[in-house]
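Step one of this worksheet: look at the structure below.
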Amino acid sequence: MERIVVKFGGSSVADGQQIDKVRAIVAADRRRRIVVVSAPGKRREEERKLTDLLYLCHDMAALGTSIAEPFAEISGRFALIVAQLGLSPALLDELDLFRAELEKGCGRDYAASRGEYFSARMIAGYLGGEFVDPAEHITILPGGRIDEDSYRALGERLRDPERLYVMAGFYGSDPAGRVVTFSRGGSDISGAIAARAAGAALYENWTDTSGILMADPRLVKNPRPIEEISFREIREMAYMGASVFHDEAIVPVREAGIPIRIRNTNRPEDPGTLITPQLSPASLSETEIAGIAGRRGFAMICLEKSLLSKERGFLHRLLGIFEEHGVGCEQCPSSIDSISVLVEECRLDGLEEVLCEEIRRRLQPDSLVVERDLALIAVVGEGMVRTIGIAAKIFAALHKAAVNVRVINQGASEMNIIVGVAGKDYARAVGALYAAFVPEG
Ligand code: ASP
């Protein structure tokens, strides 16, 4: 039988009511045999996420401060779920042991991982599934890479196609066997690893929005959900700030050619967004593009030097200076005698002076200026490859909205066009681009 891996995010497992929805979703399709869960998320905007409380407890314990207050909130959340689901309170005794571990100074990752651990234990009990501890099967190498053998080991653990498994997301162990977590939101990665390990036909990622939207809803009113998007497009969108799905989670499923569907636990009838290796011809829709994503908070270091284009290795030396200082570069727009380097603004904190000094000393530019508060906006879509007029539409829309374009970049893949604008123009630019590509109604 084909299997589907279903991953539920924090808001989908925030309390007993939500976990009831999880149960109904799992029961609605026999192929949903592997469930991966996050730690309980927020029930209300002002509430704290369980993972945040766990980090807080760890840090307070490390300072020798009492963790009574945040720990009471953690155990209160779990106790409520146990009561709402009618589970055995025995699980709560384990929480007391965990508190002692926190007070003795357990590792930070271990502390954070207990949100997912207890969540999965409870949900396994409620669904009548088998609990799977990822620390026993997923090895995370330094730098966050997954040891390839994890797929074999986890596949072996999940081998029975008839059985229901419930695995904790967000963590694994390092080669020495210590618990380590992925970066925040990393349960998406765990779900993707489980999908690849089990050879699943589909990876469903259940969250609290009905798929990925064509633009940020804080900037555009009621943006359309994307019906279908390719792995390549989603990488571009995620990198440029479209959230919903952890960008590193794409790698394991993409390598195995397993499609992902993003769905809404609160509206299971909605189709959500399908992320596929290959777009169906029908999905190259009337909008010509998949979506618009962007981020503020970039800075541009602009250099001018006469006859720069004749100097061999100039760009290499320039980027070398950034590398030496551990500053990653995002884009390098250039003209004949000038080069600019775009970086995340926060990377310059405390380093701007040193970096500029070094560039002046080693490359002797005629001028060097740093521009701050820039935003990058990517218009993404495989449909734009060799389509005439996309760039014209973009720049006409920005012109009409009186937005000055500071940077233009189109990669050779022709999958996106990136424009850089002043931070103050960001929202207006995104709104204008959306209106230009998406017909109303
Ligand atoms: N609970 C973790 C976090 O809040 C991981 C996750 O939910 O994916 O980041």
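Ligands are counted one by one from 1 in listed order, and the atoms in each one are counted from 1 as well. This structure is a prediction, so every number in the text was calculated from the model and none was measured.
- Remark: the Tyr165 side chain and the Asp160 side chain contain no N/O donor-acceptor pair separated by less than 3.5 Å.
- In the vicinity of Lys49, heavy-atom distances shorter than 4.0 Å reach the ligand 1 atoms 3 (C), 4 (O).
- Annotation: Arg184 places an N or O atom under 3.5 Å from an N or O atom of ligand 1; distance criterion only.
- Checked against the 6.0 Å centroid threshold, Tyr117 and Phe170 do not count as a close aromatic pair.
- Here the CZ atom belonging to Arg235 is positioned 12.0 Å from the CG atom belonging to Asn416, to the nearest 0.5 angstrom.
- Distance from atom 6 (C) of ligand 1 to its nearest protein heavy atom, with residue and atom name: Ser187 OG, 3.3 Å.
- Residue contact annotation: Gly186 has a non-hydrogen atom under 4.0 Å from ligand 1.
- Close contacts of ligand 1 with Ser38, meaning ligand atoms under 4.0 Å from a residue heavy atom, involve 6 (C), 7 (O), 8 (O).
- By the 4.0 Å heavy-atom criterion, Glu116 is counted among the residues contacting ligand 1.
- When the shell of 6.0 Å around CD of Glu227 is examined, it contains 12 or fewer heavy atoms from other residues, nucleotides or ligands.
- A salt bridge is absent between Arg263 and Asp270; no separation between the charged side-chain nitrogens and carboxylate oxygens falls under 4.0 Å.
- Ligand 1 has no nitrogen or oxygen under 3.5 angstrom from a nitrogen or oxygen of Gly10.
- When side chains are defined from C-beta on, Tyr171 does not count as touching Asp109, because their heavy atoms never get closer than 4.5 Å.
- For Gly115, the heavy-atom gap to ligand 1 stays at 4.0 angstrom or more.
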